[in-house]
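Here is the structure we will look at, set down as structure tokens.
In what follows, every heavy atom counts, from backbone to side chain, and hydrogens, waters and symmetry copies are set aside.
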Amino acid sequence: MGSHVSKQVNRRKAISTEKKTLCDLQGNCGDTFPGSDYRPPDRKNWMGNLNPEKLHINQIVWPGTHDSATNKIGFLFITRPFAQCQSLSIYNQLVRGARVLDIRVQEDSRVCHGVLATYSVDVVIKDVKKFLSETQSEIIILEIRTEFGHDDPPEFEKYLEENLGEYLIHQDDRVFSKTVSELLPKRVICVWKPRKSPQPKAGSPFWNSGHLKDNWIDTDLPSTKFESNMKHLSEQPPVSSRKFFYRVENTVTPQADNPVLCVKPVTNRIHGYARLFIAQCVAKGCADKLQIFSTDFIDEDFVDACVGLTHARVEGKA
């Protein structure tokens with residue numbers, strides 16, 4: 001019992017120290033960067049407002065959501081706080097400005113997060129299509145993966161093509177250098193990551209796991225995650241030359257050996273440092289490598305930070 005208490009005391013000290021590390025870094029270095037003062041006039045149409053004829057796919061800093069379809073997962077006040085990473089519906093995330101969705105499915109085609117399941121993936125597709133019907137120039141990266149420990153939903157590629165076929169941007173490395181207007185009216189880059197089924201091949205309506213990479217680490221320590229994100233990002237090729245999307249997640253994860261297991265208070269340890277991360281990317285010379293930037297509980301300021309750096313790239317200021 002004594003060793004357990006001592007371990008928890010040390011864990012709380014480590015968390016407190018790491019939170020102070022980020023707070024001090026922000027105080028000493030600031031969180032401004034090229035485009036940091038830009039605010040999109042309409043987040044629902046922010047790509048369209050940046051001129052689709054000038055905006056290249058590899059210039060975009062894509063605001064993304066982590067575990068996107070968890071707004072209604074589990075039981076309210078009982079299991080939901082342990083698995084919910086977003087409070088908004090898919091449609092409302094897209095309206096707020098998110099352009100990358102992280103969807104995990106199980107064999108019955110319901111969305112899940114670990115052992116907890118929620119609504120059918122039909123709800124996600126319906127929300128995506130509603131958003132696309134209301135906009136003209138917004139491109140979405142829709143990542144769908146079979147959750148660890150589950151089997152692939154049967155005939156899932158067929159299902160996706162039947163429901164999204166008219167919007168799908170086919171797998172083609174030339175897409176990265178094209179402008180948004182060159183891809184229209186196609187609007188969705190769908191990355192399908194099955195666990196057992198064959199991976200999508202070149203020319204397919206779907207993109208494979210090699211086209212969306214990250215270096216996720218399982219930690220609830222904010223400075224540790226921040227530094228890991230920076231290290232792995234710095235090792236990537238610049239966006240101008242690579243033929244895959246690379247994601248950085250501004251999140252930390254509850255740990256089983258820590259008494260705080262609810263997602264929101266844990267991920268809040270890093271949530272407010274998105275602008276600091278971008279500013280540090282600029283300071284350390286790796287801002288040209290930042291591409292997908294994802295978060296839990298997406299808010300307007302996170303979107304504005306990503307769109308601001310995108311705007312600076314389009315204007316030749318970053």
Side-chain angles (χ1 to χ4, degrees), residues 47 52-65 68 94 98-107 109 121 124-125 128-129 131-132 137-148 150-216 232-233 235-249 288-294 310 313:
M47 287 186 180
E53 294 183 357
K54 290 177 60 179
L55 179 59
H56 287 77
I57 295 300
N58 61 15
Q59 289 179 308
I60 298 169
V61 181
W62 303 74
T65 52
S68 305
L94 293 169
R99 293 295 177 268
V100 181
L101 301 173
D102 162 23
I103 309 297
R104 293 68 171 317
V105 294
Q106 58 187 30
E107 44 276 278
S109 295
V121 73
V124 174
I125 301 302
V128 167
K129 292 174 75 171
F131 175 77
L132 293 173
S137 303
E138 306 304 300
I139 305 291
I140 297 170
I141 299 175
L142 174 61
E143 178 198 24
I144 306 184
R145 68 177 100 170
T146 303
E147 183 72 302
F148 182 78
H150 292 278
D151 290 328
D152 302 322
E155 299 188 308
F156 198 62
E157 279 195 23
K158 180 181 178 182
Y159 162 81
L160 290 173
E161 191 164 8
E162 286 176 349
N163 283 275
L164 291 173
E166 64 181 299
Y167 298 110
L168 293 175
I169 299 167
H170 287 216
Q171 184 185 149
D172 183 347
D173 286 352
R174 292 174 295 180
V175 165
F176 294 97
S177 60
K178 291 187 176 182
T179 63
V180 168
S181 66
E182 288 176 307
L183 297 179
L184 300 176
K186 305 297 185 181
R187 312 272 301 283
V188 179
I189 297 171
C190 185
V191 182
W192 165 226
K193 296 181 176 180
R195 291 194 64 236
K196 297 180 180 178
S197 305
Q199 290 278 327
K201 299 185 183 302
S204 163
F206 307 102
W207 298 63
N208 60 44
S209 59
H211 286 104
L212 178 49
K213 303 178 183 180
D214 54 39
N215 290 100
W216 181 80
H232 288 298
L233 180 66
E235 295 168 351
Q236 304 305 313
V239 292
S240 59
S241 63
R242 66 177 180 243
K243 303 301 182 184
F244 60 89
F245 295 100
Y246 185 79
R247 173 171 51 205
V248 173
E249 292 191 327
D288 62 337
K289 302 178 180 185
L290 186 61
Q291 192 170 45
I292 295 176
F293 199 25
S294 290
T310 303
R313 286 177 174 178

*asked:* Determine whether E249 and W216 satisfy the following criterion, side chain to side chain contact (heavy atoms under 4.5 Å, CB included), listing intermediate values before the conclusion.
replied: CA-CA 7 Å; E249 292 191 327; W216 181 80; 3.2 Å; yes
*asked:* For a quick test of reading the model, state the closest non-hydrogen atom pair linking S137 to V180 and the distance between them.
replied: O-CG1, 3.5 Å
*asked:* Taking R99 first and then E138, would you say they form a salt bridge - that is, a charged N and a carboxylate O separated by under 4.0 Å?
replied: yes
*Honestly, is K213 close enough over F244, meaning NZ or CZ under 6.0 Å from the six-membered ring centre and within 45° of the axis?*
yes
*asked:* Checking side-chain polar atoms at under 3.5 Å, does D214 have a donor or acceptor matched by the opposite partner on H232?
replied: no
_If you define the side chain from C-beta out and look only at heavy atoms, does anything of K129 sit under 4.5 Å from V188?_
no
*Side chain Q236, main chain L233, donor-acceptor under 3.5 Å*: no
*Quick one: does I57's side chain get under 4.5 Å of L183's, heavy atoms only?*
yes
*asked:* Within the 4.5 Å heavy-atom criterion, are H211 and D173 side-chain neighbours or not?
replied: yes
_Any side-chain to backbone donor/acceptor pair from D288 onto P238? Under 3.5 Å, distance only._
no
_Min side-chain heavy-atom separation P237-K289 under 4.5 Å_ = no
*I292: which of V61, V100, I60 passes side chain to side chain contact (heavy atoms under 4.5 Å, CB included)*: V100
*Give the minimum heavy-atom separation between D172 and W207, together with the two atoms involved.*
O-CH2, 3.2 Å
*Considering only heavy atoms from C-beta outward, does the side chain of E147 approach that of V105 to under 4.5 Å?*
no
*Report the relative orientation of the aromatic rings in W62 and F245; use parallel for angles under 30°, tilted for 30 to 60°, perpendicular for over 60°.*
perpendicular
_One thing to verify: whether D151 and R195 come together as a salt bridge, which I'm taking to mean a side-chain N less than 4.0 angstrom from a carboxylate O._
no
*To the nearest 0.5 angstrom, please state how far the CE atom of M47 sits from the CG atom of L55.*
6.5 Å
*Point-to-point distance, once rounded to the nearest 0.5 Å, from OG1 of T179 to CG of L184*: 8.0 Å
*Decide yes or no on side chain to side chain contact (heavy atoms under 4.5 Å, CB included) for V191 and I144, but give the supporting numbers first.*
CA-CA 6 Å; V191 182; I144 306 184; over 6 Å; no
*What closest approach, in Å, do P194 and S197 show between heavy atoms, and which atom pair accounts for it?*
CG-O, 3.5 Å
_Rounded distance [0.5 Å steps], CG in L168 versus CD1 in I189_ = 10.5 Å
_Please tell me whether N58 and S240 have a donor and an acceptor in their side chains that are separated by less than 3.5 angstrom._
no
_Assess, by modelled atom type and distance only, whether the side chains of S68 and D102 contain a donor and an acceptor separated by less than 3.5 Å._
no
*Please step through side chain to side chain contact (heavy atoms under 4.5 Å, CB included) for the pair V128 and R187, ending with a clear verdict.*
CA-CA 10 Å; V128 167; R187 312 272 301 283; over 6 Å; no
*Of the options R104, E107, R145, which is the one that meets H150 in a side chain to side chain donor-acceptor pair (under 3.5 Å)?*
E107
*For residues S181 and E53, report the shortest heavy-atom separation together with the two atoms involved.*
OG-CA, 3.4 Å
In a table with atom names and distances, give each donor-acceptor pair under 3.5 Å that connects a side chain of residues 155-163 to protein atoms at least two apart or in another chain.
| from | atom 1 | to | atom 2 | distance (Å) |
| --- | --- | --- | --- | --- |
| Y159 | OH | D122 | OD1 | 2.4 |
| N163 | ND2 | Y159 | O | 2.8 |

*What heavy-atom pair brings W192 and Q199 nearest, and what distance separates the two atoms?*
O-OE1, 4.1 Å
*Is it true that R247 and E143 have a side-chain N and a carboxylate O under 4.0 angstrom from each other?*
yes
_Can you give me the closest heavy-atom contact between K186 and I169, atom names plus distance?_
CB-CG1, 3.4 Å
_Value rounded to 0.5 Å, distance of CD in E166 from CG in L132_ = 8.5 Å
*asked:* Would I140 and F131 count as a side chain to side chain contact (heavy atoms under 4.5 Å, CB included) here? Give the steps.
replied: CA-CA 10 Å; I140 297 170; F131 175 77; 3.8 Å; yes
*Do R242 and Q291 have side-chain heavy atoms sitting under 4.5 Å apart?*
yes
